[in-house]
Amino acid sequence: MHQEETDNTNKPEEFIGLSDFTSCGNELLSFRAGERLVVLTKTSSDWWWAELRGVCGYVPSSYLQPSDPGKEEEDPWQDEEYFGNYGTLRLHREMLSDRPRTEAYRQVILTNSPHLRGKVVMDLGCGTGIISLFCARLAQPKAVFAVEASSIAEHTKTLVRQNGCEEVVTVFQCRAEELSLPSRVDVLVSEWMGNCLLFEFMVESVLQSRDRWLKEGGMMWPSGATVCLVPCQAGSYYAETMCFWEQLYGLDFTALQPLAQMEFFSRPRFSHLLQPEDCLATPCDVINLDMLSLQVTDLEELNGQFIFAVEKAGMFHGFTSWFRVQFQNLDRDGTTLELDTGPYSEPTHWKQTLFMLDHPVPLVGGETVSGNILLHRNPVWRRHMTITIQWSISSTEDAENCQVQTKSFPMWR
Ligand SMILES: N=C(N)NCC[C@H]1O[C@@H](n2cnc3c(N)ncnc32)[C@H](O)[C@@H]1O
């Protein structure tokens with residue numbers, strides 16, 4: 001690749017393919033018309049270094065157009081839409097009606113009540129203030145700073161008054177990044193988890209607030225987070241999205257199956273309820289995060305390995321993912337509490353996330369599914385990521401011919 005001139009602007013930009021481009025060299029990146037690529041560096045006027053679904057390569061600049069001109073100005077955090085959504089009751093009602101989630105935080109406050117006495121607590125992204133109210137009602141903290149950027153905060157102030165907590169709880173209606181507080185805090189509690197743990201990437205705000213406001217030796221709740229994965233059957237989802245086209249009122253609509261595969265299997269399926277009997281192996285913890293040491297830069301790429309021993313024969317339709325979060329006790333010898341959003345626990349509003357393979361594969365007991373998962377944060381749209389899973393299936397007989405497969409799932413851009 002010759003360098004006519006280099007453009008050192010490193011701000012990634014999103015472009016859309018004007019027409020299909022098929023790579024004819026190993027450093028070139030193929031794409032289809034209409035696909036959104038992220039141009040990382042305009043290395044020359046004709047060839048740019050770009051990324052598509054976690055893979056990088058050179059693309060011809062003449063095949064690309066900037067994604068919708070208005071979008072250049074669009075905030076990469078999409079905060080207007082994001083905080084707009086949280087300004088309505090719909091999402092707060094969903095979170096409050098999630099008993100395992102809300103009860104877990106209540107138990108954390110109750111269990112740690114003695115050590116919370118006289119402490120200063122920050123509740124980051126407090127929403128309706130439920131966790132702050134738990135603190136004020138179930139313990140005797142010196143102060144609780146309830147931080148909420150959306151317009152729901154106006155109502156949160158009323159809820160604090162109506163529940164007699166205004167002496168202890170102060171609501172700050174602003175982004176945590178713009179906050180000024182009278183003092184640092186002993187405990188930073190937040191319910192920040194999104195689908196696949198990280199979607200929305202509110203965790204970045206939590207880490208920045210930790211570095212700005214948490215006292216030395218202070219406590220993060222959650223103190224730790226784990227991403228789990230398992231190979232699974234998804235027979236009913238496969239039937240309703242793929243088999244559906246086989247016999248339609250006596251007609252053969254299977255010509256639509258390639259379209260169905262693109263439409264239903266190319267992105268993760270949120271809110272999938274995995275039945276325990278559909279797990280083909282014992283689930284693996286693939287990513288572990290320590291909320292005291294985790295850095296924002298670590299969030300760009302998180303990698304995990306897995307080896308699954310297939311325990312029973314079944315159809316390998318895909319992988320299912322979920323998360324657990326841990327709440328270390330303020331009494332260092334005390335029990336660590338945990339919220340598990342997996343298939344063996346009571347379902348939460350997150351349920352689980354399903355990653356469908358393009359084609360199901362029959363598995364038999366004794367085979368192994370091994371590989372790795374990569375959570376790659378979107379360099380342009382900062383609340384989004386692409387999950388890439390690489391796997392190979394090996395059986396005891398012919399271990400050598402296990403071919404490595406890979407698939408990337410944008411969540412969502
Ligand atoms: N996936 C989740 N748990 N989402 C909960 C997000 C809650 O935190 C609020 N929130 C998210 N980020 C921030 C931030 N940087 N500053 C203040 N509030 C925030 C948001 O408005 C909503 O009420």
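Counting starts at 1 for both ligands and their atoms, following the listed order.
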Self-check item: Heavy atom of the protein closest to atom 7 (C) of ligand 1 (residue, atom name, distance)
Solution: Gly125 O, 3.7 Å

Quiz prompt | Sub-4.0 Å heavy-atom approach of Tyr82 to ligand 1 | solution = yes

Quiz item: Can you tell me the protein heavy atom closest to atom 14 (C) of ligand 1 and the distance?
Solution: Ala176 N, 3.8 Å

Self-check item: Phe83 N/O to ligand 1 N/O under 3.5 Å
Solution: no

Quiz item: Salt bridge check: are Glu277 and Lys312 linked by an N-O gap of less than 4.0 Å?
Solution: no

Quiz item: Quick one: do Glu14 and Arg36 make a salt bridge, cutoff under 4.0 Å?
Solution: yes

Practice problem: Provide the number and element of each atom of ligand 1 under 4.0 Å from a heavy atom of Ser205. | Solution: 15 (N)

Quiz item: Side chain, backbone, both or neither: which part of Met193 comes within less than 4.0 Å of ligand 1 when only heavy atoms are counted?
Solution: backbone

Exercise. Report yes or no: does Ser408 contribute a side-chain atom to a donor-acceptor pair with the main-chain N or O of Arg53 at less than 3.5 Å?
Key: yes

Quiz prompt | N or O contact, Glu200 vs ligand 1, cut-off under 3.5 Å | solution = yes

Practice problem: Using the ring of Trp213 (Phe, Tyr or Trp, six-membered ring only), decide whether Arg184 places NZ or CZ under 6.0 Å from its centre and within 45 degrees of its axis. | Solution: no

Exercise. For Asp79, enumerate each residue passing the side chain to side chain donor-acceptor pair (under 3.5 Å) test, keeping only those at least two apart in sequence or located in another chain.
Key: Arg175, Arg383

Quiz prompt | Options His92, Glu191, Glu148, ranked by nearest heavy atom to atom 20 (C) of ligand 1, top entry | solution = Glu148

Quiz item: Would you call Glu35 and Arg32 a salt bridge, taking side-chain N to carboxylate O under 4.0 Å as the test?
Solution: no

Quiz item: Any idea which atoms of ligand 1 are less than 4.0 Å away from a heavy-atom of Glu177?
Solution: 15 (N)

Quiz item: For the rings on Phe264 and Tyr237, is their centre-to-centre separation under 6.0 Å?
Solution: no

Self-check item: Residue-ligand contact Cys174/ligand 1, heavy atom below 4.0 Å
Solution: yes

Quiz prompt | Part of Met202 with heavy atoms under 4.0 Å of ligand 1, whether side chain, backbone, both or neither | solution = side chain

Self-check item: Short N or O distance, Ala149 and ligand 1, threshold 3.5 Å exclusive
Solution: yes

Practice problem: Could you tell me whether Arg377 and Glu301 make a salt bridge, using a distance below 4.0 angstrom between a side-chain N and a carboxylate O? | Solution: no

Self-check item: Identity of the nearest option to atom 4 (N) of ligand 1, non-hydrogen atoms only, from Tyr86, Trp192, Phe199
Solution: Tyr86

Self-check item: Residue list, ring-ring contact (aromatic ring centres under 6.0 Å, His included) with Phe323, at least two apart or on another chain
Solution: Trp350

